[in-house]
Structure formats: structure tokens, C-alpha cells
Amino acid sequence: MQFFIDTANLDEIREAQDMGILDGVTTNPSLMAKEGIKGEANVNKHYQQICDIVDDNVSAEVIATDYEGMLREGRALAKLDDKIVVKVPMTRDGVKAISTFTAEGIRTNCTLVFSAGQAILAAKAGADYVSPFIGRLDDIAHDGMGLIGQIREIYDNFGFQTEILAASVRHTMHLIECAELGADVATCPLKVITGLLNHPLTDIGLAKFLEDHKKNNA
Ligand code: G3P
């Protein structure tokens, strides 16, 4: 299973990369706004800085909602760095743009996916990644995790190569359940990843080992 970090914050990306467990980064316009990054030149510079930190897989989202605009923006983003994956929303024009990008060899991540039907369309268009938003489904009393299992089953039935990138992952149990259900990737804030470190028995056990070592070497 791959871990992506869902942020545009360079310090957090560096911290995750330094842990040696990071496989990629996902961003979106809201995350860029959170960091105060505005204007095309600054946004592109920021993507470049992210690419310089990580080994691969930097999802950069198009803003255009029409097919031609998506193509123009996506091609420009893909030219920034080989690590860029163009993030395209699940709309009619988005599906068409993903098909074209696939034919051109540009990697894509189909975002804002909330149903199995949408995930089928993304796979048919040849998306490299599909991003079901599990937390946002949970927010409206729908079964986010159930959608991950449903997409896994459908993709396995037909051998679709599109990777399931679980997004809107809010806490450690989301992450663990994604792993159980066979999501290929989970993208989440750094605190969800570091939350996996915690277990009181680890802390108690380490304290005891150190205490015994100290006594033994007094
Ligand atoms: O990757 C999508 C993600 O940024 C959405 O997360 O927590 O805003 O639903 P959230």
C-alpha cells in the first residue's frame, strides 16, 4: 500500500519524506489556498518545490472545467516535472480529458469520486488513479469505506489497472480499513500517518527496557 500526503505544506511534506514512508503528494485548490499560494506562476513554482522533495506522484489539479481548458492546463502541469500527475474532476468533460491525457501518456488522478459508477467511468477512461472521498461520504451518513470495497471488487472483476487512491482520509482507522479492503493508496494529513505510531504498550515496554538497561549498567 502506498502512502500519499494530502497537503501543500512543504514542511509537512519534508517531514513525511524524511520518515522514509512517503510515496507521493496530493494537493487541491483548497490546500493551495490554505498555504496562501496564489497566481499561476506561484502555484507552478510551488508544485516544482514539492517535486524537488518527493520521489514521485505529485497530483496537481486543473482549475478549468471545460475540456479544452483542462487539456491546456493539464499539458502545462505535466510539462513542469515528470513527477506530476494531473488531477481532473469527475465530470463529463473531465472523463473526456482523462481519455485524451491517457492517449498522450500523461498520468491522471480522477478526483471528486463519490460512487462506484463514477469509478467505473474513470477506469474506462484510463485514469491512473481514482480518488473516492471517504470522509466526505461519512459526513453525509453514507458509507465511505463501503465504496472502497465496492470499487475494489469491480476493478478486480475486470482487471482494471486504475489504482484506488482513498482520499478524504480523516483518521487512523480510515487508513487501516483502507489497507484491509485493498485500496492501493491512501492520501491523508501527516497527523493520520504519524497516528499509526502510537501504542501505549510500546511506550511502557520501551521505558522498562531502558530502566532495566540503566540498572544493569549502574
Ligand atoms: O484529497 C481530498 C481531500 O483533500 C479532501 O479531504 O478532509 O477536505 O474531505 P477533506
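For the numbers below, each heavy atom of this structure counts, side chains included, while hydrogens, waters and symmetry mates do not. Just follow the structure's listing: the first ligand is 1, and inside any ligand the first atom is 1.
- Residues Asp81 and Gln48 have side chains that bring a donor and an acceptor to within less than 3.5 angstrom of each other.
- Considering backbone and side-chain N/O of Thr26, none are found under 3.5 Å from N/O of ligand 1.
- Those atoms of ligand 1 that come under 4.0 Å of a heavy atom in Ala167, given as number and element, are 1 (O), 2 (C).
- Looking at Thr26 and Thr187, their side chains do bring a donor and an acceptor atom within 3.5 Å of each other.
- Looking at Arg136 next to ligand 1, an N or O pair under 3.5 Å apart turns up.
- The single protein non-hydrogen atom nearest to atom 7 (O) of ligand 1 is Arg170 NE, 2.8 Å, given as residue, atom name and distance.
- Relative orientation of the Phe158 and Phe160 rings is tilted, given thresholds of 30° and 60° on the angle between their planes.
- Among protein heavy atoms, the minimum distance from atom 2 (C) of ligand 1 is reached at Phe133 CZ, 3.4 Å.
- In this structure, a donor-acceptor pair under 3.5 Å is absent between the side chains of Glu61 and Asn28.
- Contacts with ligand 1 closer than 4.0 Å are made by no heavy atom of Thr111, backbone or side chain.
- If you check the side chains of Asn57 and Tyr129, you find a donor sitting under 3.5 Å from an acceptor.
- Closest to atom 4 (O) of ligand 1, if we only count protein heavy atoms, is Asp6 OD2, 2.6 Å.
- Any N or O atom pair closer than 3.5 Å counts here, and Ser168 shares at least one such pair with ligand 1.
- A donor and an acceptor atom, one from each side chain of His199 and Asp203, are nowhere located under 3.5 Å apart.
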